[in-house]
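A quick write-up on the structure given underneath.
Residue numbers run from 1 in the order of the sequence given. Remember, it's a predicted structure, so these values are computed and weren't measured experimentally.
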Amino acid sequence: MSRDSNIILLRQQYTGEPRQAAQAFYQARGLYFGLVPDAADRAQQLLEAAVVRVLARPHPQTPAPCAVGTFFGLRGVSPDIDALVLWPHPDHLTQLLSSVLPVRTGSGIAGVPGLRARPHPSRTDSLLLARPGHRAHLTLRARPASLQQAEDHILAAGHEPLWPARTSQPGERQAWDRLTETLPPQEATQWSRALRRAGLHLDHVPDWTRSAPEPGQLDGPKPHRIAARPVGPAGGPARGIIAVTSSRGQGGLGCTTTALTLAGALARTGARIALIGADDPNGFHRVLRQPTLQAGQWHDLLPALPGAGTLHGMILSPDVPDTEALLAEAAREYDTVVVDAGSAFQLRHLAVHANAAVVLTNLDRDVWGNTEILDRRPDWVQMWDWLNTRYLTTRARATDNRSRLLNFLDEGFETYVWDRASDGNPDVYDPAYTSDWWDDLHHDPDDDLEHEERLPEDTDPQLLDAWRQDFLTFVSREGAIRHPQTWPAVAALWIDHNRNLELPGSAGDDALVNTVLHEAARPAIARWGEQTWQEHHARWAAADAHTRKNSLTSHQHLIEETIQPSEPATTAHFLLARLDVPHDIPIALAIAHVDNTLDDEQHHLAAIRGALRTEGVAALTIVPDLPDHTERGDSLQFLARPSQQEAAAANRLALVVSDLLTMRPHP
């Protein structure tokens with residue numbers, strides 16, 4: 001038996017997957033990331049842990065399959081970096097879905113709260129499982145018709161299936177929080193690994209009803225043989241030149257950061273990596289920041305990299321006569337050459353000499369989808385919150401002399417604090433120029449509505465109180481001269497007023513409260529009804545400021561944001577219209593600076609990926625906001641030990657690049 005066959009059989013021992021799937025993984029990845037890779041992304045680990053924990057400790061009314069020869073109804077799994085395919089046993093598929101997907105029973109929510117199953121956008125024989133609002137996802141080898149069978153099964157048992165709903169249903173968020181609170185990171189890692197090594201326990205699943213999986217139960221027959229190393233069917237990683245550039249030549253998308261992160265991930269696998277960047281103050285040269293590095297020469301960027309991998313870098317001067325020959329030589333000497341092609345002012349012209357390209361682009365949130373706010377708080381809570389906002393707005397816009405003077409002092413104190421905090425000097429203003437200060441400062445009440453954080457967030461409250469007193473002493477003499485009738489009352493209450501600036505009033509502020517209630521009565525009744533208004537507006541009026549604000553805190557979890565996605569073809573068209581790169585090589589579009597909104601919508605992301613593939617774009621991936629490498633100091637050693645976020649992002653990108661470099665250029 002060949003060496004490759006032995007490796008494929010070993011993977012099957014750990015995973016239980018079909019031989020064809022094990023062979024496909026080995027041919028695509030080799031041992032680049034390990035034969036049975038763990039999930040690097042914490043969110044992916046948590047979802048996988050939740051799934052296997054629900055199976056190991058099922059709800060009494062939705063028991064998990066316990067068939068011999070299966071792992072809770074699974075005949076195997078196919079683990080990849082931050083991706084996992086589940087292979088269910090056909091005889092136990094309905095029971096498996098009924099156990100994993102969320103169900104409302106008479107005694108609470110069973111299954112994985114918030115999990116949703118939808119037809120896979122690019123495979124007719126698969127389902128995509130994900131929690132909207134969370135980036136982790138699973139692929140289940142089952143046809144969409146199986147969802148209807150599972151729904152019929154649950155309805156026949158007298159329970160309510162929650163997974164057909166697109167948005168989170170009442171109680172699901174709290175149930176998810178309770179589940180994850182009992183899964184510390186180290187334990188989640190073990191549960192996730194248990195699912196990824198399901199093949200080890202097909203004959204007998206350990207009793208995990210009271211304790212988490214232990215490392216010894218998951219080591220398998222040959223743990224040293226499944227470790228990551230740079231070998232594979234083709235003798236190593238995919239070879240070639242990969243360019244990292246921007247879609248239209250624009251800067252600011254993070255090409256240099258992405259290229260470095262990618263190069264580090266490739267080098268950590270044991271491969272020989274070359275990184276080429278521009279001699280540009282805003283590009284590669286800015287990251288290295290070492291005057292001794294000479295342009296046109298190779299430098300060892302990670303001399304202490306564990307294992308056999310290397311990462312060498314070169315700053316490329318604009319006067320290099322034959323860049324094509326230089327790239328060809330680098331491709332012969334190294335496994336993978338990463339070119340930080342960057343923007344139009346850097347090395348973007350070199351993208352035409354690459355074998356493939358990662359193209360960074362941005363995406364308008366409005367093109368991705370519309371954000372909807374789901375407010376499931378009781379009507380009276382919503383009304384109190386609404387009244388609080390109206391009170392703060394009315395107070396900020398009050399035109400009586402006292403209110404105008406209070407707001408004027410608030411604005412002046414904000415400037416005073418920022419100036420004083422900048423150098424710690426208490427003599428921010430010269431008392432001799434108090435009159436000029438009053439003349440120069442003009443208050444615009446509408447400005448109050450624009451301030452989300454009026455004062456430095458981390459300033460000690462006791463220190464602020466001392467500064468308030470200093471400020472009041474500074475302005476009092478001139479205030480008494482300019483506002484003799486109003487100043488005594490304003491000076492007496494301004495410190496308390498400013499301290500509670502973001503609080504919605506107090507029971508003693510009767511005039512303003514009455515104004516708010518008079519103006520709010522009609523729209524409040526139209527929105528929440530006469531009964532809610534009559535029962536609760538008087539309670540709001542009688543409460544003090546802290547009670548009004550704090551009473552809402554316990555209901556905050558009932559407010560949820562959801563994304564109603566645009567049509568995939570619309571989003572794909574938007575991305576394609578901004579694509580200006582060579583079309584004769586495989587490319588991967590990478591949406592840059594992704595926030596959780598995009599990163600978490602796996603169903604929508606997969607649909608857009610399919611739409612782009614029909615237009616010739618080989619792949620679509622995402623790149624979250626990563627730390628600026630220039631903030632790490634002169635050493636790049638952190639690339640050998642990245643954070644969880646960087647590791648997950650880098651591994652995803654490394655897999656995309658590996659796939660791109662094994663494709664043939666388009667004819």
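Proximity of a side-chain donor or acceptor of Gln12 to a complementary backbone N or O of Glu17 within less than 3.5 Å is detected. With His537 contributing its side chain and Trp533 its backbone, the two residues share a donor-acceptor pair below 3.5 Å. Between the side chain of Arg104 and the main chain of Glu160, no donor-acceptor pair closer than 3.5 Å is present. Under the 3.5 Å distance criterion, the side-chain polar atoms of Arg131 are matched with a main-chain donor or acceptor of Pro113. One N or O on the side chain of Arg75 and one on the backbone of Pro88 form a donor-acceptor pair closer than 3.5 Å. Although no hydrogens or angles enter the test, the distance criterion places a donor-acceptor pair under 3.5 Å between the side chain of Arg578 and the main chain of Phe574. Remark: side-chain polar atoms of Glu172 are paired, donor with acceptor, to backbone N or O of Gly114 under 3.5 angstrom. Remark: the backbone N or O of Ala188 is not paired with any side-chain donor or acceptor of Ser192 at under 3.5 angstrom. Side chain of Arg141 to backbone of Val85: no donor-acceptor contact under 3.5 angstrom is found. Looking only at distances, no side-chain donor or acceptor of Arg390 sits under 3.5 Å from a matching main-chain atom of Val516.
Closest approach of Thr94 to Ala150, counting heavy atoms only: CG2-CA, 3.9 Å. Residues Pro568 and Ala607 share a closest heavy-atom pair of CG-CB, 3.6 Å. Taking both residues in full, the closest heavy atoms of Pro164 and Arg118 are given as O-NH2, 3.5 Å, listed atom of the first, atom of the second, then distance. Scanning both residues, Ile608 and Thr571, for their nearest heavy atoms gives CD1-CG2, 3.6 Å. Between Pro144 and Leu127, the shortest heavy-atom distance links the atoms CA-CD2, 3.7 Å. Smallest separation of non-hydrogen atoms from Thr182 and Glu187: O-OE2, 3.7 Å.
Looking at heavy atoms from C-beta onward, Trp176 lies out of side-chain contact with Ile109 at the 4.5 angstrom threshold. Between Pro213 and Arg193, the closest side-chain pair of non-hydrogen atoms is not below 4.5 Å. Counting heavy atoms from C-beta on, the side chains of Ser551 and Trp540 never come closer than 4.5 Å. Between Leu115 and Trp163, the closest side-chain pair of non-hydrogen atoms is not below 4.5 Å. Considering only heavy atoms from C-beta on, Thr180 comes within 4.5 Å of Leu46 through its side chain. The side-chain heavy atoms of Val657 and Leu262, taken from C-beta on, include a pair separated by under 4.5 Å. Looking only at side-chain heavy atoms (C-beta outward), Leu195 and Pro79 stay at 4.5 Å or farther from each other. Put simply, the side chain of Thr62 does not reach to within 4.5 Å of the side chain of Ser98, judged on heavy atoms.
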Walk me through it: do Leu35 and Tyr14 pass the test side chain to side chain contact (heavy atoms under 4.5 Å, CB included)?
CA-CA 9 Å; Leu35 187 59; Tyr14 278 87; 5.8 Å; no
I'd like to know whether Leu96 forms a side chain to side chain contact (heavy atoms under 4.5 Å, CB included) with Leu55, so could you lay out the CA-CA distance, the side-chain angles of the two residues, the decisive distance to 0.1 Å, and finally the verdict.
CA-CA 8 Å; Leu96 175 67; Leu55 291 172; 3.9 Å; yes
Let me see the working for Gln149 and Leu93 under side chain to side chain contact (heavy atoms under 4.5 Å, CB included), right down to the final yes or no.
CA-CA 9 Å; Gln149 296 168 1; Leu93 175 58; 5.6 Å; no
Criterion side chain to side chain contact (heavy atoms under 4.5 Å, CB included) on Leu129 and Leu47, from CA distance to verdict
CA-CA 10 Å; Leu129 277 59; Leu47 176 62; over 6 Å; no
Test side chain to side chain donor-acceptor pair (under 3.5 Å) applied to Ser554 and Arg377, step by step
CA-CA 10 Å; Ser554 60; Arg377 296 176 300 175; over 6 Å; no
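One finds the CG atom of Leu552 at 11.5 Å from the CG atom of Leu558 (value rounded to the nearest 0.5 Å). Between Glu48 atom CD and His137 atom NE2 the span is 9.5 Å, to the nearest 0.5 Å. Rounded to the nearest 0.5 Å, atoms CG (Leu162) and CG (Leu101) are 10.0 Å apart. One distance of note links CG of Asp379 with OG1 of Thr532; it measures 5.0 Å at 0.5 Å rounding. For the atom pair CG of Asp385 and NE2 of His555, the computed distance is 11.5 Å after rounding to the nearest 0.5 Å. Rounding to the nearest 0.5 Å gives a distance of 9.0 Å between CZ of Arg376 and CZ of Arg173.
Heavy atoms of other residues, nucleotides or ligands lying less than 6.0 angstrom from CD of Glu530 number more than 12.
Annotation: cation-pi geometry not satisfied between Arg53 and Trp208 (NZ/CZ under 6.0 angstrom from ring centroid, within 45° of ring axis). Taking the ring axis of Tyr26 as reference, the NZ or CZ atom of Arg11 does not stay both within 45° of it and closer than 6.0 Å to the ring centre.
In the model, Trp386 has no side-chain atom that pairs as donor or acceptor with a side-chain atom of Gln382 under 3.5 Å.
Applying the ring-ring contact (aromatic ring centres under 6.0 Å, His included) test to His92 and every residue at least two apart in sequence or in another chain returns His89.
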Scan the side chains in residues 199-206 for donor-acceptor partners under 3.5 Å anywhere in the protein, sequence neighbours excluded, and list what turns up.
residue: His201; atom: NE2; partner: Gln217; partner atom: O; Å: 3.1

